[in-house]
Amino acid sequence: MAAQSFTLANLKIDSFYNHKLSSPLHFFSTRNPVKSLNLTNPWMGGDFSLSLDSSASVSRRKIPIAVVASLPTANPESAVSDAKKPKWSWRGIKSFAMGELEARKLKYPNTGTESLLMGILIEGTSFTSKFLRAHKITLSKVREETVKLLGKADLYSFSPEHPPLTHDAQRALDSAVNQNLKAGGIGEIMPAHILLGIWSEVESPGHKILATLGFTDEKAKELESFASESGFLDE
């Protein structure tokens, strides 16, 4: 079944250059533009003239740039109207992007729950990442446990530019979305929801690594209680 996707941000940058330069281009101070330089060469026995044409105008073409950031979901229940689509926080988006990048760095063919977990820690500014570090769950430890569990990629292998999600990573993101929908779609989907989604996938590498490093159901419930508080911004 083809995965649908939530559009999390639709940022348009119309143009960085949408006008012509209003003043001539000079290599010297614009208060005293130099139109020409007379250079005398004693060795050649003549004068040479270097002209700087200040009348030439430089135009820059308008370049429309559309930046679309989205996180995939395969959950049919999540296919709601644009007005009701849950919004992802910028920390949630960055955590996903950093996880995808970490999968590429490790040369893995897919972005799994272990990569999403590392993405949360790499982003580093969320309450969730601080919560993990407070319980001695750090990026270096997660990376080490990931290699122990999944092994090292072949030296000559290459990861795709956007490593596709594993099934458990997809379900973890779907779980993060569902947590927001069950709460009435109030607030944004944050790294806390991603982490709780990872923990809900009991057979996933991310869950196993968290358990190995001391994360428990009690800690998950503690984090969930924080995330369910009104005004929680995961920062």
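Treat the numbers as computed from the prediction; the structure is a model and nothing was measured.
Taking CG of L132 as the reference point, atom CG of L223 lies at 7.5 Å (rounded to 0.5 Å). Here CD1 of I120 is found 8.5 Å from OG of S129. Values are rounded to the nearest 0.5 Å. Rounding to the nearest 0.5 Å places CG of L195 at 11.0 Å from OG1 of T113. Note: S115 OG to L101 CG = 10.0 Å, rounded to the nearest 0.5 Å. Between atom CG of residue L117 and atom CD1 of residue I198 there is a gap of 5.0 Å, rounded to the nearest 0.5 Å. If you take OG1 on T216 and NE2 on H135, they are separated by 7.5 Å, rounding to the nearest 0.5 Å.
Residues passing the salt bridge (charged side-chain N to carboxylate O under 4.0 Å, His left out) test with K148 are E144, E145, sequence neighbours excluded. Under the side-chain hydrogen bond (donor to acceptor under 3.5 Å, both in side chains) criterion, T128 pairs with D234, not counting sequence neighbours.
Residues F232 and A227 share a closest heavy-atom pair of CD2-CA, 3.4 Å. Residue G92 comes nearest to I194 through the heavy atom pair O-CD1, 3.9 Å, listed as atom of the first residue, atom of the second, then distance. Between D168 and P205, the shortest heavy-atom distance links the atoms OD2-CD, 3.4 Å. Among all heavy-atom pairs drawn from W199 and F215, the shortest one is CH2-O, 3.3 Å. Minimum heavy-atom separation, Q179 to G197: NE2-N, 3.9 Å.
Side-chain contact between T138 and L121 is absent, with no heavy-atom pair separated by less than 4.5 Å. For the pair T146 and M118, the minimum side-chain heavy-atom distance is below 4.5 Å. The shortest side-chain heavy-atom distance between E235 and T125 does not fall under the 4.5 Å cut-off. Residues E123 and W90 form a side-chain contact, since some pair of their non-hydrogen atoms from C-beta on lies under 4.5 Å apart. Contact check for F127 versus L233: no side-chain heavy atoms found under the 4.5 Å cut-off.
For residues 150-159, there are no side chain to side chain donor-acceptor pair (under 3.5 Å) pairs, not counting sequence neighbours. Here salt bridge (Lys or Arg N to Asp or Glu O under 4.0 Å) pairs that include residues 188-213, with residues two or more places apart or in two chains, are R171-E201. Evaluation of the salt bridge (Lys or Arg N to Asp or Glu O under 4.0 Å) test over residues 213-223, restricted to residues two or more places apart or in two chains, returns none. Applying the salt bridge (Lys or Arg N to Asp or Glu O under 4.0 Å) test to pairs two or more places apart or on separate chains, those with a residue in residues 98-110 are E102-K105, E102-R143.
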